[in-house]
Amino acid sequence: MINEFATWLASTRANDVVQNVTWIIPTVQSVHIVCIAIVITSVAMLDFRLLGIGGPRQSLADTARRFLPWLWCGLVMLALSGSVLIVGEPARELQSSVFWLKMTLVACAIALTAVFNVVLNQGATFWERNRVIAVVTGVVSLGLWLSILAAGRWIAYAAHG
Amino acid sequence: MFEKLLAALQAAPWAQAVSESTWLFPTIETLHVLALTLVVGSIMVVDLRLLNLASRNRSVRELTSEMLPWTWVAFVCAVITGGTLFSSAATRYWGIVPFRAKMVMLMLAGLNMAVFHLGAYRGVAAWDRAPAVPPPAAKLAGGLSLLIWVSVVMLGRWIGFS
């Protein structure tokens, strides 16, 4: 099914445009990287605050209020720019096992961030009271996002299939 | 003379190792991407504050002292990883226009920062906290910095396509 979808995408007019207008792919990849910068920095600020390492002048709730909107907006931008790259090179992405590994990790990272966000909204003290859970969440989150970044770069190097 | 220097760099054992290995280049490149996202992201936090677009209720001095250590550590990592990638094919990269343009933009980023620190930032006490707004010179420095760093990312990506 995925293969048929990739073949269909490759036959569309949109694919033709992304493939043949030489500046589109590097430009969209650059937008993708700037959005990764926004997301990774926001994640680092939140997770280091969660671990108790960074930003001691600001409460966790204030840090989250500052960076979570950037994180979510950055993710939407990443989904959009990433979609353009898939339309342009469907086989490179959809038929790559590294790509699907990355998408699985993205789903986990989004779920974890959403849980963090929901728990925070119900009362900022949860994360202050449960230090062990806070530290584990911070470490897992950092690990997930770094793996996603690495997987993204490795799509370009991994063989298809 | 300079060509010889590049050739010697490229012949260094670590440079040879990177160009011959299948996994070293992508691995160092991944670390370079991680470092540069932290450089650009942490600089954007400060730039957006200077433009009065984000973190408006934070002290500018507190914010810079919080973000700049991140920026510098990440920048040193980006220079080390980037320099290693460069050395693996130094003579080729040197001849590529986006590479040269990227180096020029990095110098402009440094110049913009120096001008800001020696100029508008000296009077930061007067506009450190809201409701005071950063003066035009600080806004200009923040805006220029954003543009320069986005262009550094774009040029860096272009090197890979050259």
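All values below come from the heavy atoms of this structure, side chains included, with hydrogens, waters and symmetry mates left out. In what follows, chains carry the letters A, B, and so on, assigned in the order in which the sequence lines appear, proteins first and then strands, with residues in each chain numbered from 1.
Contacts of A54(B) with chain A are made by side-chain atoms alone, with heavy-atom separations under 4.5 Å and no backbone atom involved. Neither the backbone nor the side chain of L146(B) comes within contact range of chain A; no heavy atoms are under 4.5 Å apart. Residue V45(B) touches chain A through its side chain alone, counting heavy-atom pairs closer than 4.5 Å. Of the atoms belonging to W23(B), heavy atoms from both backbone and side chain fall under 4.5 Å from chain A. Within the 4.5 angstrom heavy-atom criterion, no atom of S59(B) approaches chain A. Looking at S42(A), neither its backbone nor its side chain comes within 4.5 Å of chain B, counting heavy atoms on both sides.
The closest side-chain heavy-atom distance from R58(B) to R66(A) is below 4.5 Å. W70(A) places a side-chain heavy atom less than 4.5 Å from the side chain of L48(B). Considering only heavy atoms from C-beta on, N57(B) stays 4.5 Å or farther from D62(A) through its side chain. Taking the side chain as every heavy atom from C-beta outward, F161(B) and I25(A) approach each other to under 4.5 Å. Between T41(A) and M44(B), the closest side-chain pair of non-hydrogen atoms is not below 4.5 Å.
Between chain B and the options T22(A), I38(A), L146(A), T27(A), heavy-atom pairs under 4.5 Å are most frequent for T27(A). Per-residue heavy-atom pair counts under 4.5 Å with chain B were compared for I33(A), V39(A), V31(A), and the maximum is reached by I33(A).
When hydrophobic clusters are built by joining Ile, Leu, Val, Met, Phe, Trp and Tyr residues whose side-chain heavy atoms come closer than 4.5 Å, directly or via intermediates, L68(A) is grouped together with W127(A). L68(B) and L118(B) are members of different hydrophobic clusters when ILVMFWY side chains are connected at heavy-atom separations under 4.5 Å. By the criterion of side-chain heavy atoms lying less than 4.5 angstrom apart, applied directly or through intervening Ile, Leu, Val, Met, Phe, Trp or Tyr residues, V119(A) is grouped together with V140(A) in one hydrophobic cluster. Note on F116(A) and I53(A): same hydrophobic cluster, where clusters join Ile, Leu, Val, Met, Phe, Trp and Tyr whose side-chain heavy atoms are under 4.5 Å apart, directly or indirectly. Two different hydrophobic clusters hold V73(B) and W70(B) under the rule that ILVMFWY side chains link at heavy-atom gaps under 4.5 Å.
Nearest approach of S30(A) to V153(B), heavy atoms of both residues: O-CG1, 3.9 Å.
In this structure, M113(B) places its CE atom where more than 12 heavy-atom neighbours from other residues, nucleotides or ligands lie under 6.0 Å away.
If you run side-chain contact (heavy atoms from CB on, under 4.5 Å) between R153(A) and each of L34(B), V33(B), T27(B), only V33(B) comes through.
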